[in-house]
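Both counts, for ligands and for their atoms, begin at 1 and track the order of listing.
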Amino acid sequence: MDSRYKDGRRTTEAAVAGMIIALIFAGKHSSTIVSTWTRACLLTHTMFLDAVVEEQREIMRKYKDNIDYNVLSKMETLHSCIKEAGRMHPATLGLIHQTQKNITVRTKEGSEYGIPKGDTLVNLVMLTSKLSHIYKDPEVYDPYRFHPGREEDKVGGKFSYAIFGGGSHACPGEAYAFLQIKIIWSHLLRNFEIKLTSPFPKTDWSKFVLEPKGKVLVNYRRRRLESN
Ligand code: HEM
C-alpha cells in the first residue's frame, strides 16, 4: 500500500484491490478451466488416457506415492495432454496489447505491414493455435505433437504457442499452473476410474474466459492404481 510508481504517484487502494482480484482470477480460474478441458479431452481419447495411467504406474514404481517437484517434472505425457487441451481450448479468447514503438510485421508470404506506436494489437489465440501450417491436423487432439521430433509448438517461432501469452507480459504463472494441474490429475488417476457421462462440451462463447458450456458430468469409481 505504501509503494509508489516510478513517477512518484502513490498506489491507490483501487489499484491494489484490482491486482489482487486479477491474481485470484488469473491463478484460479484459468487453471480450473484448463483442468476441465483436459478432463473432457482425456476421457474422450482413451489412447491418451491409457498413456497417462501407464505413465503414473511407471512413476509410482520408481517414486512410490511421493509427489514432489522432481516427480511432477517426469510426467511428460500428462504435461503434453494438458498443453494440447490448452491449445485446442484456450482459456483466453485473445491477447490484447498496445505497441510501445513503431514495428513492422512480416507475413509468411513476405508482405510487410507497418504498425505505428500506440496501436492496439490483438492475437486471437483461439485462431492462431489452430493454424494448419503450424499444427498438423489442428482439430485433432494429439498431445504427441509437442514431443521431440515434432515440436509443432516451435514451428512458427517462439510465439507459436501463445496460450500463456508471450513477451514481457507473458503469464508468470505458467509453470505453477502445470504443477497444479498435474497434481490434480495424478491424484485422480491414482485413486479413481473416471468416465465422462455427458457429451463432449461445447465452448461457452458468452464468457470472458472460454469455459465449457453447461455441466461436464463425470462418473468416479474408487480404485487404487497399482504400480505392478
Ligand atoms: C492454465 C492456467 C493459466 C493460463 C491458461 C493463463 C493464461 C494467461 C494469459 C493468456 C495471460 C496474458 C498474457 C498476455 O497478455 O500476453 C496471463 C497473464 C497473467 N497470468 Fe496467467 N494463466 C494461467 C495461470 C496462472 C496462474 C496459476 C497465475 C498465478 C499464480 C497466473 C498469473 C498471471 C498474471 C499475474 C498475469 C499478468 C501478467 C502481466 O500482465 O504482466 N496465471 N495468463
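- There is no path of hydrophobic side-chain contacts, each under 4.5 Å, that joins Ile163 to Tyr176.
- In this pair, Tyr141 and His45 present their aromatic rings tilted. The plane angle is within the 30 to 60° band.
- Atoms of ligand 1 found under 4.0 Å from any heavy atom of Ser31, numbered from 1 in the order shown, are 1 (C), 2 (C), 27 (C).
- Within the listing of ligand 1, atoms 10 (C) sit less than 4.0 angstrom from a heavy atom of Thr92.
- Ligand 1 places these atoms under 4.0 Å from at least one heavy atom of Val34: 1 (C).
- In the candidate list Phe178, Tyr176, Phe159, Tyr176 is nearest to atom 30 (C) of ligand 1, counting heavy atoms.
- At least one N or O atom of His169, backbone or side chain, sits closer than 3.5 Å to an N or O atom of ligand 1.
- Residues Arg221 and Ile194 fail the side-chain proximity criterion, which asks for heavy atoms closer than 4.5 Å.
- Taking the six-membered ring where the residue is Trp, His89 and Trp37 present parallel rings, their angle staying beneath 30° rather than reaching 60°.
- Lys74 has its side chain out of reach of Glu58: every pair of non-hydrogen atoms, C-beta onward, lies at least 4.5 Å apart.
- Ring pair Tyr135/Phe146 is perpendicular by interplanar angle, where above 60° counts as perpendicular and below 30° as parallel.
- Those atoms of ligand 1 that come under 4.0 Å of a heavy atom in Ile163, given as number and element, are 5 (C), 7 (C), 10 (C).
- When each atom of ligand 1 is checked for a heavy atom of Gly165 under 4.0 Å away, the hits are 10 (C), 13 (C), 16 (O).
- For atom 12 (C) of ligand 1, the closest non-hydrogen atom on the protein side is Leu95 CD2, 4.0 Å.
- What sits closest to atom 6 (C) of ligand 1 on the protein, heavy atoms only, is Phe164 CD2, 3.6 Å.
- Nearest-heavy-atom check against atom 2 (C) of ligand 1 across Ala177, Pro90, Gly86 picks out Ala177.
- Considering each of Gly167, Gly27, Ala170, Ala175, the one bringing a non-hydrogen atom nearest atom 26 (C) of ligand 1 is Gly27.
- Between Asp153 and the options Lys83, Arg145, Arg87, Lys158, a side chain to side chain donor-acceptor pair (under 3.5 Å) holds for only Lys83.
- Of the options Pro172, Gly94, Ala85, Ala26, the smallest heavy-atom separation from atom 36 (C) of ligand 1 is shown by Pro172.
- Heavy-atom contacts from other residues, nucleotides or ligands closer than 6.0 Å to CD of Glu174 number more than 12.
- Atoms of ligand 1 found under 4.0 Å from any heavy atom of Gly166, numbered from 1 in the order shown, are 16 (O).
- Here the heavy atom of the protein found nearest to atom 8 (C) of ligand 1 is Cys171 CB, 3.6 Å.
- Shown here is Arg106, whose CZ atom has no more than 12 heavy atoms of other residues, nucleotides or ligands within 6.0 Å.
- What you find for Thr77 and Glu55 is that their closest heavy atoms are N-OE2, 2.7 Å.
- Remark: ligand 1 and His97 share an N or O pair separated by less than 3.5 Å (distance only, no angle test).
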